[in-house]
J.: 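Here's a structure for you.
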Amino acid sequence: ASFLKKLHKTTQARSFSNGGGGGSKGDSFLLPGATVATLLMLGALHVRRMYDDRKVEEAQEKGTEFEFQPDVKSTFLRLLPLRSISRCWGLLTSVEIPVSLRPYVYGAWARAFNSNLEEAAFPLDEYASLREFFVRTLKEGSRPIDPDPQCLVSPVDGTVLRFGELRGAGAMIEQVKGFSYSAFSLLGASSFLPLIAKGDVNEESSEPENASREKSKKSWLRVSLASPKVRDPVSACPMKGLFYCVIYLKPGDYHRIHAPADWNVLVRRHFSGRLLPVNERATRTIRNLYVENERVVLEGLWKEGFMALAAVGATNIGSIELSIEPELRTNQARKKLLHSEPPEDRIYEPDGIGRTLKKGDEVAAFNMG
Amino acid sequence: STVVLVFQAPISLSQENRDSSSEFRFSVQRGDRVRVGEALGRWQDQ
């Protein structure tokens, strides 16, 4: 209010010095008025956003689950050139920061997004740009890997959004209450996801244990080796013991991906899709979020059977870099307007073994832009 | 950014007909913060 009063006095004084004409008075109010209005609007939007986020957090603490609810903002997002914005953001954050400013810039980032700077492998002034700092490695021993051979470890630092067992036709993964997507649309139609035809399910469960186990193994092999065209993912059900886990990485999190178990990666699939944001709000409002976004899927075998990991990009974290295939480039300029291009596949040699990873080995990293 | 992990894991064959029969058990809850190397789930020897 005091700022507005001061502004009013200043503009009045200016208009008197200009002869007090009505048109002159209007002009002098135009620019500061618009600036103040914009600032007020941005402030109001920010306060409202904070209020909404707080309400969501409180409701989640009470156990309330939000249902899928598309809105105008999510429709509007699809119209924006998010890939170009992401690439510009990447260029901007690649700009070298003066050495003296680096600790302040990275410190501010860490405060804003709750990053632990003590874990960074190198002193802050050694990271030339925000992009380099963002994808920083950690000090040796910062992430001890659970040595239990009968456990599957987290591949990333993040927040568990969803997890569960894939059951029923089509192997649907719940994005949010009220909306699900099929595992096939996430991993690709040519995925080796072990599914069995609906009719086989009851037949299998009525057999003795040993026979059932043997049949399960054979069935998996048959399904894995069969051409994807002969299977119908919609009418098929997941073989028993097929699970999923969705983990969201906040901007302040460590952004490198590690192997969740000893794993032979056989296939890499790159989907060049959209780059919609993937925050909590986006999961509730944008349909097919993970299925439409650019992603890299690694698929292979571990000692218990099938394992696939999908690294899904977002507007700010647009590109994915693979340690096992450094030449792969993602978030490239689009040649076609269509967002539904088929994925680009690569089968890792040698055939049947692929790339061997040990539990905890680094697999990939998310980059800014 | 988000990571989705899809995997096969051991299940208890003797309980196959029942719901929630999985021998593999997630050791995390929805909304939990996890870090690289921390267990997501475990299973027992049959």
Side-chain angles (χ1 to χ4, degrees), chain A residues 60 143-146 148 150-166 173 183 186-187 193-194 205 209 212-213 220 239-249 254-258 260-261 278 290 302 304-314 317 320 360 366, chain B:
Chain A
Q60 279 173 340
R143 295 288 180 272
I145 307 297
D146 194 316
D148 184 356
Q150 290 179 324
C151 86
L152 192 77
V153 299
S154 174
V156 287
D157 279 16
T159 308
V160 178
L161 294 186
R162 301 260 148 190
F163 65 86
E165 191 171 353
L166 291 174
I173 299 175
L186 175 79
L187 303 176
L193 192 71
S205 58
E209 272 187 32
S212 175
R213 182 184 275 272
W220 192 86
M239 282 179 69
K240 290 192 177 75
L242 194 59
F243 300 85
Y244 72 93
C245 185
V246 184
I247 305 172
Y248 169 63
L249 290 81
Y254 168 62
H255 265 73
R256 287 177 184 261
I257 306 170
H258 294 251
V278 292
Y290 305 127
W302 71 308
E304 302 299 338
F306 174 87
M307 179 181 279
L309 185 147
V312 186
I317 321 296
I320 299 147
F366 285 109
Chain B
S1 36
T2 303
V3 161
V4 185
L5 193 63
V6 180
F7 55 96
Q8 270 190 306
I11 56 165
S12 174
L13 292 171
S14 57
Q15 296 178 339
E16 257 183 7
N17 293 333
R18 292 183 214 162
D19 279 344
S20 307
S21 61
S22 316
E23 193 183 0
F24 176 84
R25 299 272 179 215
F26 280 98
S27 50
V28 289
Q29 294 297 317
R30 201 180 286 179
D32 277 1
R33 294 272 307 144
V34 286
R35 306 212 300 177
V36 170
E38 287 177 0
L40 284 180
R42 296 176 195 279
W43 66 95
Q44 307 274 313
D45 265 332
Q46 289 186 59

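Scope of the values below: all heavy atoms of this structure, side chains included, with no hydrogens, waters or symmetry mates. Every chain is numbered from 1 and lettered A, B, ... according to where its sequence line falls, protein lines coming before strand lines.
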J.: Top residue by heavy-atom pair count (under 4.5 Å) with chain B, among A:Leu309, A:Ile247, A:Ile317?
T.: A:Ile247
J.: Enter the distance from B:Phe24:CZ to B:Phe7:CZ here, rounded to the nearest 0.5 Å.
T.: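 Here the rounded value is 4.0 Å.
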J.: Within the side chain of A:Trp302, is there an N or O that forms a donor-acceptor pair under 3.5 Å with the backbone of B:Gln8?
T.: yes
J.: When rounded to the nearest 0.5 angstrom, what is the spacing between CG in A:Leu249 and CZ in A:Arg256?
T.: 13.0 Å
J.: Check whether A:Pro155 gets within reach of chain B through its side chain, its backbone, both or neither, counting any heavy atom under 4.5 Å.
T.: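 Its backbone and side chain both get close to chain B.
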J.: A:Phe163, A:Tyr290, A:Phe366, A:Tyr244: which one forms the most heavy-atom pairs within less than 4.5 Å of chain B?
T.: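 Heavy-atom pairs under 4.5 Å are most numerous for A:Phe163.
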J.: What residues form a side chain to side chain contact (heavy atoms under 4.5 Å, CB included) with B:Ala39, not counting sequence neighbours?
T.: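 In terms of side chain to side chain contact (heavy atoms under 4.5 Å, CB included), with neighbours along the sequence ignored, B:Ala39 is linked to A:Asp146, A:Cys151, B:Ser27, B:Arg42.
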J.: Using 0.5 Å steps for rounding, measure from the CD atom of A:Gln150 to the CH2 atom of B:Trp43.
T.: 6.0 Å
J.: Quick check for you: among A:Gly158, A:Ala314, A:Pro144, A:Gly313, which has the greatest number of heavy-atom pairs under 4.5 Å with chain B?
T.: A:Gly158
J.: Pick one of side chain, backbone, both or neither for A:Ile257, based on which atoms fall under 4.5 Å of a heavy atom in chain B.
T.: side chain
J.: Relative to chain B, which segment of A:Ala183 carries a heavy atom at a distance below 4.5 Å: side chain, backbone, both, or neither?
T.: neither
J.: Can you tell which of A:Val278, A:Thr159, A:Ile145 has the highest number of heavy-atom pairs within less than 4.5 Å of chain B?
T.: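 The answer is A:Thr159.
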J.: With sequence neighbours excluded, tell me which residues meet side-chain hydrogen bond (donor to acceptor under 3.5 Å, both in side chains) with B:Arg35.
T.: A:Glu119
J.: Using non-hydrogen atoms and a 4.5 Å limit, figure out which bit of A:Tyr248 sits close to chain B: side chain, backbone, both or neither.
T.: both
